[in-house]
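Keep in mind it's a predicted model, so treat the numbers as computed, not measured. We're numbering straight along the sequence, starting at 1. Values below: all heavy atoms of this structure, side chains included; hydrogens, waters and symmetry mates excluded.
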Amino acid sequence: MIESLNDVAPDLGRYIVEFTFGDVYSRPGLDLRQRQLVTLGGLIAFGDTAPVQRVHFNAALRMGLSPRQVIETVIQAVPYAGFPRALNAVGVVREVFEEHGIATA
C-alpha cells in the first residue's frame, strides 16, 4: 500500500507508517495479536475497507491467530458493524484463506 502512494502522495504513505506504527502500535498494553484483533474489528465496523482488511487478515494469520479466531473476530463484530459489513469481511477472509490453502468448510 505504501509503495502504491509513492508516485502520487509519498508523504501520505510516510504519515501512515509513522503515526500507525511509530505512535500507536508502539504503545504498551497489547501484544501484536491483540492489536490485530482490535484493528480488524475497527476495519470491519468501518466498512468499505477490503484492501486493508486483506492486509490485516494476512497479518493476523502470520502472527499466529488461527482461522477459527479470524472468523470469530468477524462474528464478534456483527452487533456493532451489522451483517452486510460482516459478510463483506467474510468474502475477504475466504480469499485470504484460499491464498493460504486453508480449508473453509
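- Of the options Leu37, Asn58, Asp31, Leu32, a side chain to side chain contact (heavy atoms under 4.5 Å, CB included) to Met63 is made by Leu32 and by none of the others.
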Assess whether side chain to side chain contact (heavy atoms under 4.5 Å, CB included) is satisfied between Ile71 and Phe97, documenting all intermediate values. CA-CA 11 Å; Ile71 292 297; Phe97 281 5; 4.0 Å; yes
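- When all heavy atoms of Leu40 and His56 are compared, the pair lying nearest together is CD2-CB, 3.7 Å.
- Between Ile44 and Gln53 the shortest heavy-atom distance is CA-NE2, 3.9 Å.
- Taking every heavy atom of both residues into account, Leu43 and Thr49 meet most closely at O-OG1, 2.8 Å.
- Here the closest non-hydrogen pair linking Ser66 and Leu61 is C-CD2, 4.4 Å.
- At least one side-chain heavy atom of Leu5 sits less than 4.5 Å from a side-chain heavy atom of Ile16.
- By the rule that hydrophobic residues join a cluster once side-chain heavy atoms approach within less than 4.5 Å of another member, Ile75 and Tyr80 end up as members of separate clusters.
- Nearest heavy atom pair, residue Gly64 against residue Arg33, reads O-NH1, 3.6 Å.
- At a threshold of 4.5 Å between side-chain heavy atoms, the hydrophobic network of Ile, Leu, Val, Met, Phe, Trp and Tyr places Val96 and Val55 in two separate groups.
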Go through Val74 and Phe57 one step at a time and tell me if the side chain to side chain contact (heavy atoms under 4.5 Å, CB included) criterion holds. CA-CA 10 Å; Val74 176; Phe57 282 128; 4.0 Å; yes
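- Contact record, Val70 with Ala60: CG2-CB, 4.3 Å, taken as the closest heavy-atom pair.
- Checked against ring pair (Phe, Tyr, Trp, His ring centres under 6.0 Å), Phe21 has the following partners two or more places apart in sequence or in another chain: Tyr25.
- Alongside Val78, the hydrophobic cluster contains Phe83 (criterion: ILVMFWY side chains under 4.5 Å).
- For the pair Val52/Phe46, no side-chain contact is recorded, criterion being any heavy-atom separation below 4.5 Å from C-beta on.
- Interatomic distance, CG of Leu65 versus CD of Glu72, reported as 12.0 Å (0.5 Å rounding).
- Environment of CG in Asp48: sparse, with no more than 12 heavy atoms of neighbouring residues, nucleotides or ligands closer than 6.0 Å.
- Within the model, atoms CD of Glu95 and NE2 of His100 stand 12.0 Å from one another, a figure rounded to the nearest 0.5 Å.
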List the steps and the verdict of salt bridge (Lys or Arg N to Asp or Glu O under 4.0 Å) for Arg94 and Glu99. CA-CA 9 Å; Arg94 181 179 286 119; Glu99 291 167 7; over 6 Å; no
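- Note that CD of Glu18 and CG of Asp23 are 8.5 Å apart. Values are rounded to the nearest 0.5 Å.
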